[in-house]
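Heads up, the thing below is written out as structure tokens.
The shown structure was predicted, so the numbers you read here are calculated from the model rather than taken from an experiment. Note that ligands are numbered from 1 as they come in the structure, with each ligand's atoms numbered from 1 the same way.
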Amino acid sequence: MPYKRILTIQDISCVGQCSLTVALPILSACGLETAVLPSAVLSTHTAGFSGYTFRDLTEDMPKIKEHWIKENLKFDGIYTGYLGSTKQIEYVSDIFKETGKNECIKIVDPAMADNGKLYPGFDNDFVVAMKGLCAEADYLVPNISEACFLTDTEYKTEYDKAYIDELLSKLTGLGAKNIILTGVSYIEGKTGVVVFENGNYLYYEHEKISNGCHGTGDIYASAFTGALVRGKDAYTSAKIAADYVLECIKETQSKDENEEPHWYGAKFEPVLYKLIQALN
Ligand code: PXL
């Protein structure tokens with residue numbers, strides 16, 4: 001297996017099992033060399049904690065990129081997640097163009113919404129800028145909320161295949177080449193992921209064991225990216241990532257009696273070995 005270097009651009013939430021604290025161990029477990037560009041440093045993530053700190057690192061981005069260019073440092077894959085400002089989207093686009101190797105795979109997780117709502121701090125300008133980044137992604141990995149914001153579509157919790165087809169068609173209209181749409185559930189007790197690649201539409205359905213567990217979007221996108229850049233095809237990567245997220249949720253739910261509820265993230269670490277097994 002060729003040794004690949006991947007750059008991931010997302011925030012450091014110091015505590016909270018999301019973004020870089022999730023992406024780095026998962027990408028490493030996939031056998032990749034990791035490089036990071038932190039978009040912001042927060043004391044915790046913004047979903048459920050209050051009073052968190054937020055240091056925006058937008059200004060550092062072009063300087064870091066220039067240094068990499070001077071050192072001729074290039075990447076086999078670039079994977080973006082939670083970004084700290086609208087301006088950063090422009091910088092990410094430059095980083096794609098100037099630091100990606102010829103065959104660089106660009107994966108964009110438009111991390112900005114869940115349950116039909118934008119995360120705190122995001123606004124319509126950010127959504128508009130993110131629409132532009134979709135056209136540069138080889139793989140776009142939105143959940144349904146993000147797909148709705150990107151396509152100006154009404155968010156629904158109950159829908160049919162026509163609604164999902166419409167979302168996918170509008171996302172391709174933005175220029176997204178391949179789309180991995182997560183959290184697509186047509187029947188009770190089941191959920192799944194739609195893999196729309198080179199015009200082909202595949203659906204991987206699996207059991208649904210929770211109505212949402214914070215951080216699973218980042219776990220999903222990281223495992224998908226890791227498997228894909230390591231060389232698996234998109235459907236296999238999407239399936240490996242979905243199975244791994246299920247294992248993480250099961251692990252999170254299986255606490256002993258004296259343990260506090262683990263509400264802010266998913267226990268992905270104890271089952272990381274299962275991801276490695278699935279990759280081999
Ligand atoms: O998991 C996505 C995410 C990443 N980073 C920060 C967040 C969130 C979701 O709320 O708040 C800071």
message = If I compare all heavy atoms of Ala241 with all of Tyr220, which pair ends up nearest, and what's the gap?
response =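 Of all heavy-atom pairs spanning Ala241 and Tyr220, the closest is CB-CE1, 3.4 Å.
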
Which residues pass the side chain to side chain donor-acceptor pair (under 3.5 Å) test with [X], not counting sequence neighbours?
X      : value
Lys274 : Glu247
Thr8   : Gln10
Asp233 : Thr236

request  = Hey, can you tell me if Tyr264 and His45 have their rings parallel, tilted or perpendicular (30° and 60° cut-offs)?
outcome  =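 Correct class here is tilted.
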
inquiry  = Counting only heavy atoms and a distance below 4.0 Å, can you name the residues contacting ligand 1?
reply    =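 Residues Asp11, Ser13, Cys18, Ser19, Leu42, His45, Thr46, Ala47, Tyr82, Tyr119, His214, Asp218 each place a heavy atom under 4.0 Å from ligand 1, listed by chain and number.
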
request  = Report the C-alpha distance between Ile105 and Asp76 in whole Å, list the side-chain angles of each, state the deciding distance to 0.1 Å, and finish with yes or no for side-chain contact (heavy atoms from CB on, under 4.5 Å).
outcome  = CA-CA 6 Å; Ile105 307 178; Asp76 299 290; over 6 Å; no

